[in-house]
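First the structure, in the form of structure tokens, and then the observations on it.
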Protein chains: 2
Amino acid sequence: MSSQRESEEDLLRLEEARNKFISEIAKNIHLYNISSSVGRLYGTVFFAETPMTLDEMSQSLGMSKTSMSTGIRALSEANMVERVWEKGIRKDLYKTEDDWYKSFSNVFITRWRNATELNMSAIKDSKKMMKELYNESNDESIKEKVDRDMEKLTKAEAYYEWLNEVVALFDTGEIFDIVPKKH
Amino acid sequence: MSSQRESEEDLLRLEEARNKFISEIAKNIHLYNISSSVGRLYGTVFFAETPMTLDEMSQSLGMSKTSMSTGIRALSEANMVERVWEKGIRKDLYKTEDDWYKSFSNVFITRWRNATELNMSAIKDSKKMMKELYNESNDESIKEKVDRDMEKLTKAEAYYEWLNEVVALFDTGEIFDIVPKKH
DNA sequence: ATCTTTGTACAGTTTTTCCTGTACAAACTT
DNA sequence: AAGTTTGTACAGGAAAAACTGTACAAAGAT
């Protein structure tokens with residue numbers, strides 16, 4: 001038999017244990033470009049026994065419902081939480097995406113693919129402008145400068161091509177042949 | 001022969017071509033947890049024909065020398081620029097690290113390794129607390145909750161182990177056997 | 001030893017980000 | 001149809017980050 005008092009103490013201890021992990025998540029989630037307090041939100045939903053409503057989150061974190069709304073949106077965009085349907089319940093319900101591999105890949109792939117593509121396209125533009133300048137200029141010192149710059153850009157380009165292939169490794173799931181998922 | 005006027009125009013065009021790339025870097029450098037204006041600083045040093053002093057950067061960007069100092073420190077910590085010695089020159093000189101693979105790896109590895117290790121250690125702590133609670137509690141509903149939480153944490157742990165191995169792939173350079181460097 | 005140059009710590013200001021409360025539209029209930 | 005409930009847009013306020021100028025210590029020049 002367990003007394004009421006004991007149970008309350010136990011619940012506090014459970015809270016404490018959960019909080020340890022939640023705090024760490026909050027500290028490191030900036031790697032996903034997500035703020036620390038939205039990280040706490042994630043942690044809260046992660047440990048929730050059932051999918052949570054915005055009001056429950058607000059209550060649990062002592063923050064406004066508006067913040068919960070924007071926080072959940074950020075987490076959704078990063079594929080870290082998802083909306084869940086339950087019949088008879090009018091409020092929106094959210095749970096954490098339980099495939100951690102998927103959320104990591106999603107964030108990593110989208111961010112880096114986007115960056116490499118934009119950078120590569122900027123390099124192409126810059127090179128094109130420089131080539132034209134090279135052909136049209138009569139100034140030797142300018143031509144030398146352009147030459148050096150183009151070389152630098154070509155090196156950068158090669159790197160971005162490499163990075164793009166690395167991203168593809170994750171995108172295709174090939175990475176899991178190299179480093180298998182753990183169970 | 002090239003006139004003075006022509007050369008000035010050419011220099012402007014070169015500036016413009018460089019700026020195209022610099023702006024793109026500035027836009028995407030937040031992926032390295034570096035602010036946009038420090039990204040411009042990076043780009044400026046990248047295209048400089050010789051290593052730059054803080055005063056030259058300040059002049060070139062129209063920003064305070066203090067900002068250059070802190071900006072360069074951030075870039076150094078990310079291994080994106082390095083200090084360079086030239087005899088007879090008293091001022092500190094900086095150039096960009098020209099091995100892009102190295103700077104990427106450095107940032108990626110340090111950040112993610114650090115995060116995974118802290119998270120794994122937090123998971124271990126949380127699990128330990130939960131195990132103790134499980135053994136000491138007499139409340140069945142608490143025990144169930146603890147059970148479910150531990151399962152969640154175990155899943156997260158497996159993921160972090162995987163991530164850690166992925167980081168090792170980059171750390172050891174093994175990644176270059178899988179996706180070879182471009183030339 | 002004195003004078004100059006150079007990088008950065010620090011305090012104050014500006015800009016940006018984060019958070020809240022109010023207000024309201026969309027959807028549901030009666 | 002009128003009345004509720006629920007999520008979010010938006011404006012204003014609080015907190016954090018970025019930037020600047022001043023001041024000074026360390027190192028170099030005279």
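Every chain is numbered from 1, with letters handed out A, B, ... down the list of sequences.
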Partner of A:K182 under side-chain hydrogen bond (donor to acceptor under 3.5 Å, both in side chains), picked from B:E165, B:E157, B:E161, is B:E165
Got a list of protein N/O to nucleotides 18-23 of chain D N/O distances below 3.5 Å?
unit_1	atom_1	unit_2	atom_2	d
D:dC19	OP1	B:S37	OG	2.5
D:dC19	OP2	B:S37	OG	3.0
D:dT20	OP2	B:S64	N	3.0
D:dT20	OP2	B:S64	OG	2.9
D:dT20	OP2	B:S67	OG	2.7
D:dG21	O6	B:T66	OG1	3.0

Heavy-atom neighbours of B:E136 CD exceed 12 at 6.0 Å
yes
To the nearest Å, how far apart are B:H30 NE2 and D:dA17 C1'?
16 Å
If I take atom CD in residue B:E56 and atom P in nucleotide C:dT5, what distance separates them, rounded to the nearest angstrom?
16 Å
Thinking salt bridges, do B:K27 and B:E24 make one under a 4.0 Å N-O criterion?
yes
Atom NZ of A:K181: over 12 foreign heavy atoms under 6.0 Å
yes
Sequence neighbours excluded and cut-off under 3.5 Å, please list the side-chain donor-acceptor pairs for residues 31-40 of chain A, or say none.
unit_1	atom_1	unit_2	atom_2	d
A:Y32	OH	B:Y159	OH	3.4
A:R40	NH1	A:S23	OG	3.4
A:R40	NH2	A:N19	OD1	2.6

Can you check side chain to side chain contact (heavy atoms under 4.5 Å, CB included) on B:I178 and A:E174, steps first, answer last?
CA-CA 11 Å; B:I178 302 159; A:E174 215 183 314; 5.7 Å; no
Positions of residues 71-93 of chain B (non-hydrogen atom under 4.0 Å from DNA chain C), listed by number
B:R73, B:R90, B:K91, B:D92
Taking atom NZ as the centre, does A:K127 end up with more than 12 heavy-atom neighbours from other residues, nucleotides or ligands that are less than 6.0 angstrom away?
yes
Taken to the nearest whole Å, CE/A:M57 to P/C:dC19 is 15 Å
Figure out the CG/P separation between B:L54 and C:dA9, and round it to whole Å.
12 Å
Whole-Å distance separating the CG atom of A:L41 from the P atom of C:dT20:
12 Å
Aromatic ring centroids of B:F108 and A:W112 under 6.0 Å?
no
